[in-house]
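Have a look at the structure below, then the notes.
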Amino acid sequence: MAGQTQPHCSIFSPEEIEFIAEDELIEIVPNMRMDPLNFLSGDFGPFLPQIPTNVPLWLAVALKKRGKCSIRPPQWMSIDNLTRILEAERDSQKFQELPFHYIEISRLLFDNARDDITDMYMVRSLIEDIRDVRLHKVETNLEKFSGASAVKMNHLSAMEVNLVRPFVGRALQAFYKHDNPEVMPDTDTNSDTRPQMTTNLPRRPLKPR
């Protein structure tokens, strides 16, 4: 795994971050009857027709692909909520609170349960806009980063943390090496490593308000 082969950068691939996100719980509505399923991560079920229950996202996708359930999108994916978050992101330098894996969760639902999402294209557009605004703020904050100042960024998502971590790590190493040249070993062998985005969607120019 990338996070294991490069521990000093701790960069995860998009597939690794998505794999972790698949353990997030989501609500499904089964259309079949089935006994509880027992996994190392917990017991899920029993499954009864039209009785909502929570399961890991990977299990929800597997059942959905087999036509065994519908998936209820989480409340934060409503158009009203996403519109409010987008406006707040644009109006403030602070990051709004979103699920840590909001990008990965939404992508999995867009790919596997689009028929369960009301106004799917509008929801997708809002999430893309939120992602772009937040990435712009991340880049702006990183430009302010220096050895004599601190940058505080709360409520970052998994993808955003993955983007920031290697830059901050290398910057701190450079500052420490500058102050302690006889102590700090050379760790720039992987300096060309770049974090990867967790979505295949291209970055788009921000829409005017």
Side-chain angles (χ1 to χ4, degrees), residues 2-3 6 9-24 26 57 61 71-146 149-171 191-209:
Q6 299 174 11
C9 286
S10 298
I11 301 173
F12 293 91
S13 70
E15 292 78 14
E16 288 169 332
I17 296 178
E18 186 172 288
F19 179 79
I20 296 170
E22 288 177 346
D23 282 334
E24 296 291 321
I26 197 164
L57 186 52
V61 170
I71 298 177
R72 286 186 174 176
Q75 290 295 321
W76 62 265
M77 284 185 66
S78 70
I79 289 179
D80 288 344
N81 185 60
L82 292 174
T83 300
R84 179 187 60 79
I85 290 175
L86 177 59
E87 290 302 316
E89 292 284 1
R90 286 172 166 169
D91 292 339
S92 172
Q93 289 303 311
K94 295 181 179 180
F95 293 85
Q96 302 304 303
E97 189 169 0
L98 280 165
F100 188 56
H101 290 288
Y102 82 94
I103 291 177
E104 295 77 31
I105 292 171
S106 60
R107 180 183 176 184
L108 285 165
L109 294 182
F110 293 148
D111 289 346
N112 298 284
R114 59 177 56 201
D115 57 317
D116 293 327
I117 304 173
T118 303
D119 294 325
M120 194 274 291
Y121 292 105
M122 176 63 74
V123 172
R124 186 170 189 165
S125 179
L126 287 167
I127 290 178
E128 289 174 357
D129 288 344
I130 290 171
R131 181 203 63 184
D132 289 345
V133 172
R134 288 170 65 94
L135 287 179
H136 178 72
K137 289 199 286 191
V138 167
E139 293 167 356
T140 300
N141 277 290
L142 290 182
E143 289 173 357
K144 301 175 183 177
F145 187 81
S146 70
S149 65
V151 176
K152 185 176 181 180
M153 292 184 283
N154 294 328
H155 306 312
L156 293 184
S157 71
M159 180 272 291
E160 292 153 357
V161 170
N162 205 46
L163 184 71
V164 170
R165 181 185 289 119
F167 173 87
V168 174
R170 289 195 298 270
S191 59
D192 291 335
T193 303
R194 294 291 184 272
Q196 295 172 289
M197 299 291 290
T198 57
T199 173
N200 293 328
L201 297 171
R203 291 283 303 279
R204 306 178 306 165
L206 299 183
K207 296 179 180 179
R209 296 182 58 187

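Heavy atoms only: backbone and side chains are in, while hydrogens, waters and symmetry mates are out. Heads up: numbering here begins at 1 and tracks the sequence.
Here the CG-OG1 distance, from Leu135 to Thr140, works out to 10.5 Å after rounding to the nearest 0.5 Å. Rounding to the nearest 0.5 Å places CD of Glu18 at 11.0 Å from CD1 of Ile105. One distance of note links CG of Leu156 with CG of Leu98; it measures 11.0 Å at 0.5 Å rounding. Between atom CD1 of residue Ile103 and atom CZ of residue Arg107 there is a gap of 10.5 Å, rounded to the nearest 0.5 Å. With rounding to the nearest 0.5 angstrom, the CD1 atom of Ile79 is 10.5 Å from the CD1 atom of Ile117. Between atom OG of residue Ser106 and atom CG of residue Leu82 there is a gap of 9.0 Å, rounded to the nearest 0.5 Å.
Among all heavy-atom pairs drawn from Trp76 and Tyr102, the shortest one is CH2-O, 3.6 Å. Nearest heavy atom pair, residue Phe95 against residue Asn154, reads CB-O, 3.2 Å. Residue Arg72 comes nearest to Ile26 through the heavy atom pair O-CG1, 3.8 Å, listed as atom of the first residue, atom of the second, then distance.
In summary, of the residues considered (Leu126, Asp80, Asp129, Ile130), a side chain to side chain contact (heavy atoms under 4.5 Å, CB included) with Ile85 occurs for Ile130 alone.
With hydrogens and angles ignored, the 3.5 Å screen pairs no side-chain donor or acceptor of Ser125 with any backbone N or O of Tyr121. Remark: the backbone N or O of Ser13 is paired with a side-chain donor or acceptor of Glu16 at under 3.5 angstrom.
With sequence neighbours excluded, no residue forms a salt bridge (Lys or Arg N to Asp or Glu O under 4.0 Å) with Asp119. Every residue two or more places apart in sequence or in another chain that forms a salt bridge (Lys or Arg N to Asp or Glu O under 4.0 Å) with Asp115 is listed here: Lys64. Partners of Glu89 according to the salt bridge (Lys or Arg N to Asp or Glu O under 4.0 Å) rule, which considers only residues two or more places apart in sequence or in another chain, are Arg134, Lys137.
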**OP:** Please lay out, stage by stage, how Arg114 and Arg124 fare under the test side chain to side chain contact (heavy atoms under 4.5 Å, CB included).
**Re:** CA-CA 10 Å; Arg114 59 177 56 201; Arg124 186 170 189 165; 4.0 Å; yes
Original post:
How far apart are the C-alpha atoms of Glu22 and Leu108, what are their side-chain angles, what is the distance that settles it, and do they pass the side chain to side chain contact (heavy atoms under 4.5 Å, CB included) test?
Top reply: CA-CA 9 Å; Glu22 288 177 346; Leu108 285 165; 3.8 Å; yes
**OP:** Show your reasoning for whether side chain to side chain contact (heavy atoms under 4.5 Å, CB included) applies to Glu104 and Glu24.
**Re:** CA-CA 10 Å; Glu104 295 77 31; Glu24 296 291 321; over 6 Å; no
**OP:** Just do the side chain to side chain contact (heavy atoms under 4.5 Å, CB included) check on Met77 and Leu109 with the steps written out, would you?
**Re:** CA-CA 10 Å; Met77 284 185 66; Leu109 294 182; 3.6 Å; yes
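At a threshold of 4.5 Å between non-hydrogen side-chain atoms, the residues Arg131 and Met159 count as touching.
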